[in-house]
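Chain letters run A, B, ... following the sequence lines, proteins first, then strands; residues in each count from 1.
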There are 2 protein chains.
Amino acid sequence: MSLLGPQLSRSFQSASPPPDDDHDLGRFGARMGFARNEEIYAQDEEADLFYRVVSGVVRTTHLTSDGRRHIGDFYYAGDVFGLDAGKTHRFSAEALTDCVVLVVRRAAVGRAADTDIALQRLIWTATCRELERTQAHLMLLGRRSACEKVASFLLEAANRAGGDLVTLPMGRQDMADYLGLTIETVSRMVTQLQSEGVVRFLDCRSFKVIRRPALEAMLA
Amino acid sequence: MSLLGPQLSRSFQSASPPPDDDHDLGRFGARMGFARNEEIYAQDEEADLFYRVVSGVVRTTHLTSDGRRHIGDFYYAGDVFGLDAGKTHRFSAEALTDCVVLVVRRAAVGRAADTDIALQRLIWTATCRELERTQAHLMLLGRRSACEKVASFLLEAANRAGGDLVTLPMGRQDMADYLGLTIETVSRMVTQLQSEGVVRFLDCRSFKVIRRPALEAMLA
DNA sequence: CGTTTCATTGAGTGCGATCAAGCCGTGTGG
DNA sequence: CCACACGGCTTGATCGCACTCAATGAAACG
């Protein structure tokens with residue numbers, strides 16, 4: 001981490017604030033690469049950095065003391081993560097695939113960011129987006145059947161992929177831990193949706209949306 | 001709402017930023033009273049205001065198109081709410097009891113808040129707190145039994161009350177919609193926890209914590 | 001080729017939902 | 001004062017969905 005220190009502190013002295021939410025974070029942080037399944041930060045680790053995915057996919061997970069695993073979210077290129085924190089991270093973050101992330105010093109928000117309003121607004125915007133996604137996730141877990149959960153998961157994956165041919169970066173266990181189901185139930189629902197002609201799986205990681213309206217109807 | 005306009009725009013010109021998160025929002029907004037069950041804002045309503053509870057309790061609810069109701073959270077005196085929004089509120093907010101809230105114009109965050117960093121930080125802090133609570137709620141709904149859900153609900157109510165004698169502001173249906181259970185299951189778990197000697201209900205709204213360790217052990 | 005890991009399928013169980021009474025505190029009117 | 005209705009809570013009986021346990025299948029890897 002000492003590698004990051006000088007670079008980050010220099011970049012925060014920048015005097016010309018970028019105009020908008022969509023401005024490039026590149027000049028603020030350092031790029032780091034992570035191998036598949038490598039840990040980016042740990043649960044309960046102090047939260048002095050946050051991150052943006054450059055390439056690859058990241059998942060955040062939470063382990064409870066009785067051994068149950070819960071997945072907070074999946075982050076794709078462009079997504080900001082690591083804001084799930086008071087003083088320490090409630091989740092750990094792991095590289096789901098090989099990936100590259102941009103690392104930004106978070107302490108700047110608490111102290112130095114008074115001098116950089118654009119950065120502060122970027123962080124707030126990202127936090128809002130995170131909150132929205134978490135709330136949507138909440139309603140998914142709260143009052144939906146296993147079939148509806150899996151259907152909406154696949155639909156969102158399709159929306160992210162921007163087409164009807166989707167390759168999932170995660171396996172069944174990750175889907176299960178995200179949806180609050182067991183791996184067996186996920187598998188059964190996938191099979192069921194396929195037998196209903198809603199989706200068609202080519203292999204266990206990639207599928208085609210056949211009847212999108214049917215999928216959308218399940219979100220209620 | 002035009003009542004608020006002048007007052008708010010004036011207050012945002014304030015030159016002396018308060019030192020910290022806990023500073024008084026009073027000078028920013030207008031007080032409004034709401035009667036029990038009165039709506040404070042509606043689901044899908046445009047989100048140009050946010051709120052702080054002065055007295056009483058507020059709940060946020062979401063209705064799905066198939067009629068299921070979900071409660072986002074309960075807000076007590078001092079809590080900020082109404083940040084659950086992109087362009088529009090995903091939840092509606094209702095007065096659970098008679099209450100008074102402070103109303104603050106939200107648009108200032110997007111435009112004028114460049115001139116008031118303390119306000120911006122207050123909002124970000126509140127958003128973070130909301131995110132934390134939502135994530136905790138998420139893990140509660142995801143992988144916990146009905147008994148654990150009710151136990152942790154009662155424990156949090158006790159923590160909020162700051163003692164072992166608690167009066168709940170909400171009824172069983174609200175508890176059920178918050179925990180993703182039916183009213184019957186909530187009732188059964190309450191009865192069970194009581195028969196285990198963990199809590200003791202005086203009437204259906206107020207109870208005493210008898211064995212706090214047992215309650216805490218259920219959070220895993 | 002064996003080993004390991006992950007996904008699928010099957011059989012049986014249990015937890016929480018559903019449906020249906022009953023209970024109790026509160027309010028209302030005779 | 002009692003009779004009655006009403007809403008919120010509790011309790012009981014039953015059902016079905018998702019979990020558990022177990023076996024099999026299918027890739028990936030050394």
Next item on the list: In sequence, state the C-alpha distance, the side-chain angles, and the governing distance for B:Phe74 and B:Asp174, and then conclude on side chain to side chain contact (heavy atoms under 4.5 Å, CB included).
Entry: CA-CA 10 Å; B:Phe74 301 99; B:Asp174 283 339; 4.1 Å; yes

Taking only N and O in the side chain of [X], is any of them less than 4.0 Å away from OP1 or OP2 of [N]?
{"X": "B:Thr191", "N": "D:dT11", "result": "yes"}
{"X": "B:Arg188", "N": "D:dT11", "result": "no"}
{"X": "B:Thr185", "N": "C:dG16", "result": "no"}
{"X": "B:Thr182", "N": "C:dA17", "result": "yes"}

Notebook entry, point to check: When only distance counts, do a donor and an acceptor, one from the side chain of B:Gln173 and one from the base of D:dC9, lie under 3.5 Å apart?
Noted result: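 In this structure, the two groups form no donor-acceptor pair.
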
Check: Would you say the side chains of B:Glu130 and B:Tyr75 form a donor-acceptor pair under 3.5 Å?
Finding: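 Judged by distance alone, the side chains do pair up.
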
Notebook entry, point to check: In terms of side-chain heavy atoms, does B:Asp79 have a donor or acceptor partner in B:Tyr51 at a distance below 3.5 Å?
Noted result: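 No, no side-chain donor-acceptor pair sits under 3.5 Å.
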
Next item on the list: From the options A:Lys149, A:Arg172, A:Arg69, select the one residue that forms a salt bridge (charged side-chain N to carboxylate O under 4.0 Å, His left out) with A:Asp177.
Entry: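 Answer to the salt bridge (charged side-chain N to carboxylate O under 4.0 Å, His left out) test with A:Asp177 among A:Lys149, A:Arg172, A:Arg69: A:Arg69.
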
Per [X] side chain, nearest of listed nucleotides [options]:
{"X": "B:Arg172", "options": "C:dG16, D:dA18, D:dT10", "result": "D:dT10"}
{"X": "B:Leu181", "options": "D:dA18, C:dG16, C:dA7", "result": "C:dG16"}
{"X": "A:Ser145", "options": "D:dA22, D:dA18, D:dC9", "result": "D:dA18"}
{"X": "B:Cys204", "options": "D:dC9, C:dA7, D:dA18", "result": "D:dC9"}

Rounding to an integer number of Å, can you tell me how far [X] [atom1] sits from [N] [atom2]?
{"X": "A:Lys149", "N": "D:dA18", "atom1": "NZ", "atom2": "P", "result": "8 Å"}
{"X": "A:Asp177", "N": "D:dA18", "atom1": "CG", "atom2": "P", "result": "17 Å"}
{"X": "B:Gln192", "N": "C:dG16", "atom1": "CD", "atom2": "C1'", "result": "12 Å"}

Notebook entry, point to check: Are the ring centres of B:Phe50 and B:Phe81 closer than 6.0 Å?
Noted result: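 No, ring centres 6.0 Å or more apart.
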
Notebook entry, point to check: Mapping A:Met170 and A:Arg143 onto DNA chain C by nearest heavy atom, which one lands closer to the 5' end?
Noted result: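 That would be A:Met170.
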
Check: How do A:Arg144 and A:Glu184 order along DNA chain D: which one's closest nucleotide is nearer the 5' end?
Finding: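 Checking each residue's closest nucleotide, the 5'-ward one belongs to A:Arg144.
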
